[in-house]
Amino acid sequence: MQQASDPIVKDLVLIGGGHSHAIVLRMFGMKPLPGVRITLITEASDTPYSGMLPGHIAGFYTHDECHIDLRSLASFASAQIYIDRVTGLDLTNKKVLCANRPPVAFDLLSIDIGSTPAKISVPGAAEYTIPAKPVAQLLTHWYQLVEQVKQNPQKPICLGIVGGGAGGVELTLSMQSHLQQIFKAAQQPTENLEIHLIHRGAFLMPKYNSWVRHRFKKILNQRKVHLHLQQTVGEIRSHLTSLLIKCKSGLKVECDRIFWVTQASAPEWIEASGLATDPDGFIQVDDRLQSVSHPEIFAAGDIATILNHPRPKAGVFAVRQGKPLFSNLRRTLLGKPLQPYQPQKQYLSLIGTGDESAIAAWGAFGFGSSHQLWRWKDLIDRKFMERFKNLPNMTRRQGDKETRGQEENYQLPITNYQLPIQPSAFSLQPSEMRCAGCGSKVSSSVLERVLQRIKQGQPNYDDRKDIVIGLDVPDDAAVVQVPAGQLMVHTIDYFRSLIDDPFIFGQISANHCLSDIFAMGATPQSALAIATIPYALEAKVEETLYQLLSGALKVLNQAQTPLVGGHTTEGAELSFGLSCNGLVHPDKLLRKGGMRSEQVLILTKGLGTGTLFAAQMRRQAKGSWVDAAIESMLVSNSAAATCLMEHGATACTDITGFGLLGHLAEMIQASFGVAVELKLEAIPVLQGAKETLQKGIFSSLHPENLRAARYIANLDRVSARPNFPLLFDPQTSGGLLAAIPAAQASACVNSLQALGYSQSCIIGSVSHLPIKDNTTKDLRQSFSSPISIKV
Ligand SMILES: Cc1cc2nc3c(=O)[nH]c(=O)nc-3n(C[C@H](O)[C@H](O)[C@H](O)COP(=O)(O)OP(=O)(O)OC[C@H]3O[C@@H](n4cnc5c(N)ncnc54)[C@H](O)[C@@H]3O)c2cc1C
């Protein structure tokens, strides 16, 4: 995130976490530009490094070795990261349109989204073939295939690969190498694998010299790959249990899987947005990597065509463009003249042959294949990846110092921010001079605009007569009516953002806040919001508030809960919370007390958000772990609460800050006369949480939560177990913990899982606690250790 003291004055948005942007982010991490909020919008939280991808498919590199963790990199660059797919651009209003969130505003935009193989025009190709990009999709199919062959190595398999460029050839050799290893290990003939490589041209790898082409053709022939040159695929059909490739010449090839690795194409939304593009739809940029039609937009990598220096679509150029792209983005933000970039004409290609050997190509020359060349390639690739794995620990001061050293006349943008597009009323004061009290409120004009914007597409609550005064009829306070015979349940939560994405944070926070209502068996009635928005220019405050409230409203709308008011201030860090009220019939009220012997305990979500986000702050959590934790936090507890009640729950709570044990202790205390046996190994864990706990990474609240360990009877026996610290891990938007009659338990768990609470399970049982001192109902005085842990 931005440093607390830097008001945000400009939004630099990066679309796609390709090679060039990975370098740009790293360089912004090394040389931050105060006042600039960087936002990376990427489909996935990691991105493959193309140089090692074929080696990964061949089985030489693990997934992590050949992927850049974009969450970690964004955190290093103090950038926001939005995991989403961009679907278009609104260039008039300078907005990026995304598949799953409100439009994202930018002042300066950079696009590095790579390319995808062209196939749309071939009937059946989109339906039946596996494109080489997006790589994540290719890898999902590839892992499935590898697993299938491992499970059934005696079964022959036939693969078709369409496209004989460098990518197609390398993919062919890599897939063959890996699958043949599996056959060998299972003592099956390698002839069980048949591969057909189909290519339109007379020569493979048309962008390479004739020596390289012939060398690869020879290798493919030696390895008994069926080569079909000068064959244009006309149609792909499903044929009984296999697929049929029909070429225009009449050739037919029957395969089990078909991989599509044809020449690069650009997504349609680029051209549709109005950006100047070349005839193939790639963004036309000048020597400064700046769009020739829209100077506020830059592009690099496969998606860009440098008008004066067209080059092949290859990872090597995307990598090389990272540094000049960074320099020119930065120069644009500082109002400095841009610098031209000229890609090299000759470049070295080291192309793997699938057997830990490589062939080198340099202009008209070629060498190999040899193991030495592979080792050299391996060294270069690992060195490149090392730059993203071991990110230096930068302090703000270091960055500024470096910045000042390299950028003449650099001054903090709050006082002298030279931009081509000057903010109209640019009179921000440093945060330490900003007013407190009601002077710290977000201005009424911003609030009004945001409320107007979020109103669009909101449900109409006109029929809700219980909302007497809400946002539609502004007054000093909202007025709601409690229907006769109902009780009002009232709760509040508020906390600092744990992720760099206000839209997702708004959703998580709203889920968390509503959980108290659901845990008590109530239905939410209305909510009041409280938000702190980081210091920024008015337009930036508006965007942050809009994203945040859009997220919260997404959840509130699903819960049919109108937002009836709120309070918004500016401050150092993004924070948000809701005060929610709900309604419940007195007979239906679920409480912490109410656990009975012979019941079992059900937990609906995995534990681990505390340790995972503590690790994320230290850049020690894998992006995929954080993705899974966010996915869990985005799940509402509404349906789970209904399900638990339908299965006879008599006590319930939501797991939040005090961790599982703290909240369980509250339940035991409130239930009086019960003891609990917890099955430690049965407790569901979020992906990666065990690893981060084992590294000794705990939430800052963890030591305080550990006090609840005094309730454990057999503490000595269990405290060294690896999962033990999980019991004290504070949860954000955690699951529900409920006591259910044992007879209903498995049906309840099945229903919860069918509802999408995939990690829900039975984690323990309740028994009767013989009371020694029944003069008091205080747990601490009657029994100090009512929890035993089974390992
Ligand atoms: C099988 C295969 C092997 C290859 N091997 C090599 C090789 O060995 N050496 C080499 O130099 N080149 C190789 N290439 C080519 C290389 O992959 C590309 O040239 C290179 O990846 C381009 O880099 P880039 O930065 O332009 O984009 P990419 O590396 O493709 O990255 C684009 C990023 O943008 C994201 N993205 C895409 N669309 C959107 C969207 N709408 N919204 C949000 N995010 C989006 C993607 O998820 C991805 O993270 C190979 C290609 C293939 C298919």
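In what follows, residues are counted from 1 in the order of the sequence shown. Both backbone and side-chain heavy atoms feed into the values below; hydrogens, waters and symmetry mates do not. Counting convention: from 1, in listed order, for ligands and their atoms alike.
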Minimum non-hydrogen distance to [atom], winning option of [options]:
{"atom": "atom 41 (N) of ligand 1", "options": "Val135, Val86, Leu53, Ile41", "value": "Val86"}
{"atom": "atom 8 (O) of ligand 1", "options": "Gln137, Met52, Glu170, His21", "value": "Glu170"}
{"atom": "atom 51 (C) of ligand 1", "options": "His19, Lys377, Lys133, Lys313", "value": "Lys133"}

* Structure fact -> Near Ala314 (heavy-atom distance under 4.0 Å), the atoms of ligand 1 are 11 (O), 19 (O)
* Structure fact -> If we number the atoms of ligand 1 from 1 as shown, the ones under 4.0 Å from a heavy atom of Asp112 are 24 (P), 25 (O), 26 (O), 27 (O), 32 (C), 33 (C), 34 (O)
* I would like to know whether Lys540 and Asp107 meet salt bridge (charged side-chain N to carboxylate O under 4.0 Å, His left out); could you show each step before the answer? => CA-CA 10 Å; Lys540 312 289 165 206; Asp107 298 301; 2.5 Å; yes
* Asked: Does the Asp256 side chain pair with the main chain of Ser242, one donor and one acceptor, at a distance under 3.5 Å?
  -> no
* Kindly say whether Ser50 contributes a backbone atom to a donor-acceptor pair with the side chain of His19 at under 3.5 angstrom? => yes
Looking only at protein heavy atoms, identify the closest one to [atom] and say how far it is in Å.
{"atom": "atom 10 (C) of ligand 1", "value": "Gly315 N, 3.4 Å"}
{"atom": "atom 48 (C) of ligand 1", "value": "Thr47 OG1, 3.6 Å"}
{"atom": "atom 44 (N) of ligand 1", "value": "Glu43 N, 3.2 Å"}
{"atom": "atom 31 (O) of ligand 1", "value": "Gly18 CA, 3.2 Å"}
{"atom": "atom 2 (C) of ligand 1", "value": "Gly167 CA, 4.0 Å"}

* **Gly17 near ligand 1 by a heavy-atom separation under 4.0 Å** => yes
* Asked: So, does Asp84 sit close enough to ligand 1 that a heavy atom of it is under 4.0 Å from the ligand?
  -> yes
Is it true that [X] and [Y] have ring centroids separated by less than 6.0 Å?
{"X": "Trp142", "Y": "His178", "result": "yes"}
{"X": "Phe317", "Y": "Tyr347", "result": "yes"}
{"X": "Phe384", "Y": "Tyr49", "result": "yes"}

* Can you check whether Arg85 has an N/O within less than 3.5 Å of an N/O in ligand 1? -> no
* Among His309, Arg320, Arg311, which one satisfies side-chain hydrogen bond (donor to acceptor under 3.5 Å, both in side chains) with Gln344? -> Arg320
